[in-house]
Peer 1: 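The structure follows.
Given the structure is predicted, the values throughout are model-derived calculations rather than measurements.
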Amino acid sequence: MAALDEGPHHVRVVSEAIEIDGTHVDIIAAAPDDGPARGTLVVIPDILGLRPLFDDLCRRLATHGLSVCAFEPFAHIPDHERAQLDIPARLTRVRELRDDHILEWASGAADRAEVDTQVGATSVIGFCMGGYFCFKVAASGRFANAVPFYGMVRTPEPWRGERLREPLDTIRDTCPTLAIFGGKDPWTPPADVEALREAWAGLPGHEIAVYPEGEHGFVHDPTRPSHREADAADAWRRTLAFCGAA
């Protein structure tokens with residue numbers, strides 16, 4: 001996570017579970033321990049869910065004065081079963097997810113993080129699949145700002161389920177949103193980015209940042225071959241500023 005520079009604050013990080021509408025939801029929470037946070041940030045992980053990468057990500061974000069909480073998007077699957085799911089298996093189970101559940105869990109994560117916040121707005125960010133849900137969570141009215149990283153603008157065909165709405169159907173209701181894309185990402189082709197641009201035409205507070213050489217996942221996981229350190233560092237600077245932490 002070297003592309004996300006650390007801020008000046010010393011922080012504490014905990015991994016725990018909270019009950020949200022009867023569901024056991026694993027979370028990672030990080031907040032400054034040298035004073036109150038000046039903003040709240042909810043993180044929706046990618047297809048692999050919570051793992052050490054997100055412990056480090058939440059910690060680094062919290063060093064910028066934010067109270068941060070990431071939650072497990074596959075919380076409906078029992079822990080022992082979820083631990084056995086690789087990427088292909090998870091991809092086949094996205095269609096089981098529900099927009100209303102993801103929103104409930106994102107709101108619950110926000111409630112948990114806001115305990116450590118005195119001032120500032122509550123924002124949400126998400127990566128890959130988490131970015132796909134971030135677009136829809138941003139239209140709920142719960143969050144002040146949103147930053148989806150390479151989130152799918154249209155639902156991939158294998159994911160289509162009865163409880164998953166198209167992001168473009170809710171896109172004009174989103175809070176101020178900074179959408180970050182890679183120009184070479186097959187999950188978010190130029191036609192989809194252009195459709196988003198057209199949907200947001202005339203709406204204040206909405207931005208689209210396209211990094212021409214970026215492939216899928218080029219920002220948040222430095223172990224991926226697609227990681228681009230300079231582009232990722234720039235995307236993180238823009239994100240922190242957009243969410244009021246810089």
Side-chain angles (χ1 to χ4, degrees), residues 1-5 43-49 51 53-54 56-57 60-61 70 73 86-95 97 123-138 145-160 164-171 174 176-201 203 205-243 246:
M1 198 63 64
L4 174 56
D5 291 336
V43 178
I44 310 178
D46 58 18
I47 193 81
L48 284 172
R51 56 194 189 278
L53 171 72
F54 284 94
D56 185 45
L57 172 59
R60 286 177 180 264
L61 288 166
D86 58 11
I87 291 178
R90 284 173 177 252
L91 284 170
T92 65
R93 302 196 65 169
V94 175
R95 65 187 305 154
L97 298 177
S123 304
V124 58
I125 67 175
F127 304 93
C128 306
M129 181 196 76
Y132 162 78
F133 283 109
C134 186
F135 278 120
K136 294 184 279 186
V137 167
N145 304 289
V147 183
F149 288 77
Y150 22 83
M152 298 73 173
V153 177
R154 293 186 171 94
T155 304
E157 186 62 35
W159 294 5
R160 295 184 184 277
L164 295 177
R165 296 184 67 186
E166 286 296 317
L168 285 172
D169 290 345
T170 63
I171 210 70
T174 54
T177 300
L178 167 63
I180 294 174
F181 297 107
K184 295 183 177 181
D185 182 354
W187 291 88
T188 58
D192 287 5
V193 177
E194 187 58 31
L196 177 63
R197 198 183 306 278
E198 292 176 1
W200 277 347
L203 292 181
H206 294 70
E207 302 177 27
I208 294 175
V210 178
Y211 293 82
E213 299 302 314
E215 299 177 22
H216 194 66
F218 70 96
V219 175
H220 74 292
D221 187 349
T223 66
R224 293 190 184 194
S226 61
H227 184 68
R228 296 180 59 81
E229 185 169 357
D231 286 346
D234 183 74
W236 282 123
R237 286 192 294 269
R238 296 186 66 163
T239 298
L240 290 170
F242 198 80
C243 295

Peer 1: Is there a side-chain contact between Tyr211 and Asp234 in this structure, where contact means two heavy atoms from C-beta onward sitting under 4.5 Å apart?
Peer 2: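 They are in side-chain contact.
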Peer 1: Is the backbone of Phe218 close enough, under 3.5 Å, to the side chain of His227 for a donor and an acceptor to pair up by distance?
Peer 2: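 Present.
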Peer 1: Identify all side-chain donor-acceptor contacts of residues 194-201 below 3.5 Å with residues at least two apart in sequence or on another chain.
Peer 2:
residue	atom	partner	partner atom	Å
Trp200	NE1	Ile171	O	3.1
Trp200	NE1	Thr174	OG1	3.4

Peer 1: With heavy-atom distances below 4.5 Å as the criterion, would you say the side chains of Leu4 and Leu240 are in contact?
Peer 2: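 Yes, at least one pair of side-chain atoms sits under 4.5 Å.
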Peer 1: Does the side chain of Leu61 come within less than 4.5 Å of Trp236's, by heavy atoms?
Peer 2: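 Contact flag for Trp236/Leu61 side chains = yes.
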Peer 1: Any side-chain heavy-atom pair from Thr177 and His206 closer than 4.5 angstrom?
Peer 2: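 The answer is yes, as the side chains (C-beta and beyond) meet within the 4.5 Å cut-off.
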Peer 1: Donor-acceptor pair, Tyr150 side chain versus Val219 backbone, under 3.5 Å?
Peer 2: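 Side chain of Tyr150 to backbone of Val219, a donor-acceptor pair under 3.5 Å: yes, one is there.
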Peer 1: Nearest 0.5 Å, please: how far is NE2 in His216 from CZ in Arg224?
Peer 2: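 If we round to the nearest 0.5 Å, Arg224:CZ and His216:NE2 are 6.0 Å apart.
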Peer 1: Apply the side-chain contact (heavy atoms from CB on, under 4.5 Å) test between Asp221 and each candidate in Leu48, Leu53, Leu57; give the one that qualifies.
Peer 2: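 Output: one option passes, namely Leu53.
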Peer 1: I would like to know whether Met152 and Asp185 meet side-chain contact (heavy atoms from CB on, under 4.5 Å); could you show each step before the answer?
Peer 2: CA-CA 10 Å; Met152 298 73 173; Asp185 182 354; over 6 Å; no
Peer 1: Just how far is it from atom CE of Met129 to atom CG of Leu91, taken to the nearest 0.5 Å?
Peer 2: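 With rounding to 0.5 Å, CE (Met129) is 9.0 Å from CG (Leu91).
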Peer 1: Ignoring hydrogens, what is the shortest heavy-atom contact between Leu178 and Pro148? Give both atom names and the distance.
Peer 2: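 Closest approach of Leu178 to Pro148: O-CD, 3.1 Å.
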Peer 1: Thinking salt bridges, do Glu213 and Arg228 make one under a 4.0 Å N-O criterion?
Peer 2: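 Arg228 and Glu213: not salt-bridged.
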Peer 1: Can you check whether Glu207 reaches Arg238 side chain to side chain, under 4.5 Å on heavy atoms?
Peer 2: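 Glu207 vs Arg238: side chains touch.
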Peer 1: Check whether any side-chain heavy atom of Thr155 lies under 4.5 Å from a side-chain heavy atom of Pro167, and answer yes or no.
Peer 2: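 Heavy-atom side-chain distance check passes, below 4.5 Å.
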Peer 1: Would you find a donor on one side and an acceptor on the other, under 3.5 Å apart, between the side chain of Arg90 and the backbone of Ile47?
Peer 2: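 Checking the backbone N and O of Ile47 against the side chain of Arg90, a donor-acceptor pair under 3.5 Å is found.
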Peer 1: Are any non-hydrogen side-chain atoms of Ile44 and Ile125 less than 4.5 angstrom apart?
Peer 2: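 No, every pair of side-chain atoms sits at 4.5 Å or beyond.
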Peer 1: Give the minimum heavy-atom separation between Val193 and Thr188, together with the two atoms involved.
Peer 2: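 Closest pair (atom of Val193, atom of Thr188, distance): CG2-O, 3.8 Å.
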Peer 1: Quick one: pull up CZ in Arg160 and CZ in Arg154 and give me the separation to the nearest 0.5 Å.
Peer 2: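 It is 9.0 Å, given to the nearest 0.5 Å.
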Peer 1: With a 4.5 Å cut-off on side-chain heavy atoms, are Cys134 and Phe149 touching?
Peer 2: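 Side-chain contact under 4.5 Å: no.
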Peer 1: For the residue pair Ala89 and Asp86, what are the closest heavy atoms and their distance?
Peer 2: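 The answer is N-OD1, 3.0 Å.
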Peer 1: How close do Cys128 and Gly217 get, counting heavy atoms only, and between which atoms?
Peer 2: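 Closest pair (atom of Cys128, atom of Gly217, distance): SG-CA, 4.5 Å.
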Peer 1: Do the two ring centres, one from Trp159 and one from Tyr132, sit under 6.0 Å apart?
Peer 2: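 For Trp159 and Tyr132, the ring centres are under 6.0 Å apart.
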Peer 1: Anything under 30° is parallel, anything over 60° is perpendicular, the rest tilted; go ahead and classify Phe135 against Phe181.
Peer 2: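 It falls in the parallel class, under 30°.
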Peer 1: Ser123 and Val147: side-chain contact (heavy atoms from CB on, under 4.5 Å), yes or no, with the steps?
Peer 2: CA-CA 8 Å; Ser123 304; Val147 183; over 6 Å; no
Peer 1: To check you understand the geometry: which heavy-atom pair defines the closest contact between Pro156 and Trp187, and what is its length?
Peer 2: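 Nearest pair, atom of Pro156 first, then Trp187: CG-CZ3, 3.7 Å.
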Peer 1: For Glu166, is there an ion pair with Lys136 - N to carboxylate O distance below 4.0 angstrom?
Peer 2: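 Answer for the salt bridge query: no.
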